[in-house]
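Structure first, then comments.
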Amino acid sequence: MQLTQRQALASRVARRSGRVAVPLPKTPVTAAPSVRAVGAVAPVDATKQSSARPSVIARAAAAQAPAKFQAPGKNVGQVNVVYKFGGSSVRDAERMREVADIICSFPDYLPCVVLSAMGKTTNLLLECGDMALKTPTDKIHDLIPFKAIRDLHVHTCEELGVEASVRAEVDRLLNELQQLLIGVSIMQDLTPRAKDSLVSFGERLSTRIFASYMRVNGVNARQHDAFELGLTTTDDFTNADVLYDPSLSLIKQALGPKPGVAPEVPIVTGFLGRGIKTGAITTLGRGGSDLTATVLGAALELPEVQVWKDVDGVLTSDPRIVPSTVPVTELTFEEATELAYFGAQVLHPQAMQPAVRSGKMNVRVKNSYNRTAPGTIISAHRDLDCTVVTSIVLKSNVTLVDIISTRMLGQYGFLATVFDAFLRHKISVDVVATSEVSVSLTLDPKKITGAPEIELTQLSTELSKLANVSYRKGLAIISLICNVEKTSEILMRTFSVFQRENINVVMMSQGASKTNISLVVDGDRGVEAVRVLHKEFFDGPSVCNATRSGPTVSLPNGAQHGEAGQWRARK
């Protein structure tokens, strides 16, 4: 391809990615190997390249257009930070190029990189499993979600010009995926163990493709499956818990510096582990790649883990509800955990645990679409003197259960019996308020293991022997993540606003963490309640400066920024 053509192509690629085009060198650029179908092993003979299809030539040219990356971690002997990128950040070839550019833009840091599956691949894999139960074996290859998965990864390999050996590996994994779906079709059963194996293909594919792209651009990168590194879990398929004692030591041994071996960038699968008894692939629950990243950071005893999302960090509320949301300066681990548990999907609810165990590791939420935004720093402690309310979270479509004892006052064992029944039916409880003879609690229907109506009916029947049970559905929880040392002021202002707007509180509870006040209101008033409270605590003249610029901190790229942040991942 002539130099002027390459320059024009590089300019078009740069415009699509939002970056300024870098002029190509005047010296000849060595052409990348021509792209072949996935599964190819040998490079294409140069004498035959002229007969290649124009579309393939264009993709190969696009792959060679970016200049070689400057390898990160210059003069760094071992990994000193963890970066995690979610599915939207690596949804296609263009985004993978951008992520690689981000990684290589911090020369003083040698990262361990944790990746999620590309885009909506996990959802597509789950659709494949459900459809395989109703599809003949000879039609599995025609399943629409399977074809979408195959096309995405094949085309990404072509566009990025990955190594032939990796194209063959991707082809092998796609064939394994098809065979697994055929097995589901034959057995007419999709067990939790099989489901974990099924969804694991997303991360296993994305990391192999990305690591190869880094290598062909001059970065010494190596792909790792987290379960091969030693990330060990319980055998609770689809929602396993990390076993820290074996995991941390095994991961440190696998990824720690080795004498005489050149440092490399580990590219690790998020979300996956290995069951301690079965040895099978397990998953950490949706969003579990965040947890993978903090486990790796704790194992390597690093000072910071950066979770790169598609937003700038954490906001004072959901911007889809409140357009005037403003950045939060910083959070504690307790605040971040409460936010995650009550619906702010910035981080996995358990992602803070490894950082807490470490005692010296911070977590920063950054934006892969806006790398200059400093993000939200999450640490063990922060100054709360100026803070009244940090953030307001809405959790919709909850069910309130009122359980009133039919026996005498002071009956011991009442609460124990109630919660033992919830345990047996595997029903998760959100908010609880109790008295001597009654307990009120809220349930999230999405967290009920079986069919919600059936499970609630069975629970009601069992508890009717000692209590009257009633339900109210369609309610909403308003959670105020706040400085509870100012509880009196917060409640006074909250109920004053609710009285003015005629919003009735059905139930109230203060979390044991002492960072959360939860109010249950009618579901139809939930959005309105969040908006009026946000206006009260963040838009008025008496707003505490909770979103001030904050102390200047040194970021990995060497720039000085005041800490800031935003809310949850965009849909």
Side-chain angles (χ1 to χ4, degrees), residues 314-326 328 335 338-346 388-404 427-435 438-448 452-453 456 469-484 486-511 515-540 542-544 546 567-568 570-571:
V314 181
L315 287 178
T316 50
S317 193
D318 185 344
R320 295 171 300 180
I321 297 174
V322 184
S324 62
T325 51
V326 291
V328 173
E335 289 174 318
E338 291 288 317
L339 278 168
Y341 188 80
F342 282 97
Q345 300 170 7
V346 171
V388 177
V389 174
T390 301
S391 188
I392 304 172
V393 192
L394 172 67
K395 192 170 190 177
S396 302
N397 193 32
V398 301
T399 298
L400 176 66
V401 183
D402 290 317
I403 305 169
I404 303 174
I427 298 177
S428 177
V429 174
D430 284 337
V431 178
V432 180
T434 65
S435 70
S438 69
V439 55
S440 296
L441 43 85
T442 62
L443 312 174
D444 184 346
K446 295 189 295 292
K447 294 182 180 179
I448 297 177
E453 292 295 336
L456 290 175
V469 182
S470 61
Y471 302 99
R472 287 187 59 182
K473 300 180 180 180
L475 300 177
I477 301 174
I478 312 297
S479 293
L480 304 175
I481 309 304
C482 57
N483 180 357
V484 294
K486 300 181 180 180
T487 297
S488 296
E489 176 189 348
I490 294 167
L491 291 179
M492 178 190 69
R493 294 170 65 179
T494 295
F495 281 100
S496 175
V497 169
F498 280 4
Q499 182 181 29
R500 184 183 71 233
E501 302 296 333
N502 196 27
I503 298 174
N504 187 47
V505 174
V506 177
M507 172 181 159
M508 183 180 73
S509 178
Q510 181 171 317
T515 62
N516 174 30
I517 296 174
S518 293
L519 307 166
V520 180
V521 302
D522 187 86
D524 294 337
R525 307 296 301 276
V527 170
E528 179 187 358
V530 170
R531 288 173 177 166
V532 294
L533 287 179
H534 191 277
K535 183 176 181 180
E536 170 68 24
F537 289 106
F538 296 105
D539 296 347
S542 61
V543 173
C544 174
W567 179 249
R568 69 169 74 186
R570 290 190 298 268
K571 297 297 182 183

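Counting from 1, the numbers follow the sequence of the chain as shown. For the numbers below, each heavy atom of this structure counts, side chains included, while hydrogens, waters and symmetry mates do not.
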Does [X] reach the side chain of [Y], with side-chain heavy atoms less than 4.5 Å apart?
{"X": "Val506", "Y": "Asp522", "value": "no"}
{"X": "Leu475", "Y": "Thr442", "value": "no"}
{"X": "Leu394", "Y": "Asp318", "value": "no"}
{"X": "Leu400", "Y": "Ser440", "value": "yes"}
{"X": "Ile321", "Y": "His534", "value": "no"}
{"X": "Thr316", "Y": "Val328", "value": "yes"}
{"X": "Val322", "Y": "Phe538", "value": "no"}

Nearest 0.5 angstrom please: [X] [atom1] to [Y] [atom2], how far?
{"X": "Leu443", "Y": "Asp430", "atom1": "CG", "atom2": "CG", "result": "7.5 Å"}
{"X": "Ser396", "Y": "Ile478", "atom1": "OG", "atom2": "CD1", "result": "7.5 Å"}
{"X": "Met508", "Y": "Thr494", "atom1": "CE", "atom2": "OG1", "result": "10.0 Å"}
{"X": "Gln510", "Y": "Ile490", "atom1": "CD", "atom2": "CD1", "result": "8.5 Å"}

Which heavy atom of [X] sits nearest a heavy atom of [Y], and at what distance?
{"X": "Ala529", "Y": "Ile503", "answer": "CA-CD1, 3.9 Å"}
{"X": "Arg525", "Y": "Glu501", "answer": "NH2-O, 2.8 Å"}
{"X": "Tyr471", "Y": "Thr399", "answer": "CD2-CG2, 4.2 Å"}
{"X": "Ile392", "Y": "Ser317", "answer": "O-OG, 3.1 Å"}
{"X": "Ala476", "Y": "Gly526", "answer": "CB-CA, 4.2 Å"}
{"X": "Glu338", "Y": "Asn516", "answer": "OE1-ND2, 3.1 Å"}

Going by the angle between their ring planes, with limits at 30° and 60°, are Phe498 and Phe495 parallel, tilted or perpendicular? perpendicular

Indicate yes or no for a side-chain donor-acceptor contact from Thr390 to the backbone of Asn483 under 3.5 Å, with no hydrogens or angles considered. no

Counting only N and O atoms by type, is there a donor-acceptor contact under 3.5 Å from the side chain of Ser509 to the main-chain atoms of Ser518? no

